[in-house]
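Before any comments, here is the structure.
Since the structure is predicted, the reported quantities are computational estimates derived from the model, not experimental observations. Numbers restart at 1 for each chain; the letters A, B, ... are given by sequence-line order, proteins then strands.
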Amino acid sequence: MRNRIDAEVGHRVLPHTADVIVEAWAPTRAGCLEELVRGVVDTFADTRGVTPTREVPLEVGAARDEDVIVALFDDVCYLLDADGLVVVDVMLEEEEDANFDGTFFVAPVDLVVPMGAIPKGVSCSDLQFGRDDGRWRARVIVDV
Amino acid sequence: VTLPLELVPETPYRWRIERAGAMRVPGIVFAVDALLPAAAEDRSLAQGANVATLPGIVEASYAMPDVHWGYGFSIGGVAATDVAADGVVSPGGVGFDISCGVRLLATQLDRTEVLPRVDALMDALERAVPRGLGPGGVWELEHDELDQVLREGARFAVAHGHGLDDDLGRCEDEGRLAGASPHEVSSRAFGRGAHQVGSLGAGNHFLEVQVVDEIIDSGTASGFGLTAGRVCVMIHSGSRGLGHQVCQDHVGTMVHTMKRYGIDLPDRQLACAPVHSPEGRANLGAMAAAANYGRANRQLLTEAARDAFAWTFGTRYCA
């Protein structure tokens with residue numbers, strides 16, 4: 001697993017007795033979610049050097065920020081389980097209604113190197129997403 | 001629930017967490033001193049205290065000796081609710097991997113017969129047993145076939161040539177849990193499940209070739225057809241992405257409907273609804289459907305193991 005840590009944008013993986021925890025941070029709400037997706041993908045696939053073969057549009061929104069995260073990873077895991085596609089990168093744009101439009105950049109699973117337990121989704125337990133010390137921070141427990 | 005929690009010893013093997021705050025019952029932990037989780041490193045006892053706030057919970061929120069930090073419930077946490085007294089069902093409490101379970105298959109081969117060809121057997125299992133990243137199960141299903149799997153479980157698999165009638169008598173609920181409601185399973189869960197029937201998955205799931213080292217309980221061993229030196233196959237898998245999605249969907253619903261029933265909980269993953277409510281009944285039907293998927297999944301994995309033994313040893317016998 002690769003931790004990407006710098007002052008502005010990054011993610012890290014923390015241990016959990018049942019599964020794995022991923023934390024991400026960025027100056028913007030959308031950037032933080034993007035980094036969280038990259039962080040979770042980094043727990044199970046090495047996508048370095050992989051060129052995405054498709055773009056999949058996405059639209060997520062929910063009344064609570066935590067529900068946005070659940071919906072986002074529902075999409076990531078559906079692409080994996082149903083279509084055999086790994087999210088190599090993601091771009092999100094926050095709309096005026098606080099929902100997100102964006103794009104998953106994906107590649108078939110056989111183009112990436114598997115390197116960890118495969119996620120099935122995220123838990124609602126201890127799900128955190130908010131602004132802290134000038135940065136957006138998110139934290140999820142990933143179910144594997 | 002406020003930390004730190006006080007653990008009161010009742011016996012050398014049983015500890016009590018006294019009721020505090022919104023807890024409706026105490027917590028009970030079965031463990032010797034050395035197995036007790038250290039609160040600073042492991043939040044499982046606090047999770048047990050959170051479970052004690054579920055409406056309708058009876059007697060206590062229990063923790064088994066293997067208790068460790070999960071989400072919502074701890075792993076190894078057990079609770080029962082009184083359905084007749086507005087007791088709730090908590091999908092997150094049941095867990096993401098609905099009907100995760102283990103099958104043990106006894107072969108007719110012993111260690112000395114298998115060891116010389118164990119590399120070939122591993123290669124055969126590699127080919128026969130889908131696992132890891134992405135879709136790909138032994139059995140690709142159309143929507144109406146998956147609907148039947150959700151209703152009939154392993155029985156549907158055996159009826160379509162994936163196993164022996166005897167298999168059903170040897171597995172839980174004879175391969176089918178009653179009360180399944182596939183219409184309570186979302187299209188997203190259907191989509192995740194269509195390509196994974198007959199696949200191990202990842203995490204702690206496994207298919208192992210094992211040898212009986214020693215017989216301790218001869219009566220039980222005889223019932224399972226086990227003798228010393230006998231080679232066995234153990235399969236651990238569940239309801240895969242479909243089960244996760246069923247749980248997630250129903251947690252998501254109940255998070256928003258709890259207030260209607262006057263329920264307030266310290267952890268969203270514990271979201272629940274009275275068993276007799278529309279949300280509760282829908283969840284039980286969907287969980288039974290996912291459980292049947294888990295039973296069919298293990299049935300297909302059984303057949304995959306038999307194929308690998310047939311390719312390697314010329315005998316499919318694994319019962």
Without hydrogens or angle criteria, can the side chains of A:Asp42 and A:His11 be said to hold a donor-acceptor pair below 3.5 Å?
-> yes

Residue pair B:Gln245 / A:Asp74, side-chain donor-acceptor N/O under 3.5 Å | yes

N-O pairing of A:Arg135 and A:Glu8 below 4.0 Å | no

Can a donor-acceptor pair be found between the side chains of B:Arg240 and B:Ser199 at a distance below 3.5 Å?
-> yes

Can you tell which of B:Gly191, B:Ala202, B:Gly241, B:Gly203 has the highest number of heavy-atom pairs within less than 4.5 Å of chain A?
-> B:Gly191

Determine whether the aromatic ring centres of A:Trp136 and A:Phe129 lie less than 6.0 Å apart.
-> yes

Chain B contacts, top residue of A:Cys77, A:Gly84, A:Pro114 (heavy-atom pairs, under 4.5 Å) = A:Cys77

Contact class of A:Ile141 relative to chain B, heavy atoms under 4.5 angstrom | side chain

Can you tell which of B:Gln248, B:His195, B:His256 has the highest number of heavy-atom pairs within less than 4.5 Å of chain A?
-> B:Gln248

Using a cut-off of under 4.5 Å on heavy-atom pairs, state which of A:Asp75, A:Leu127, A:Asp110 scores highest against chain B.
-> A:Asp75

Engaged part of A:Asp83 at the chain B interface, taking heavy atoms whose separation is under 4.5 Å | backbone

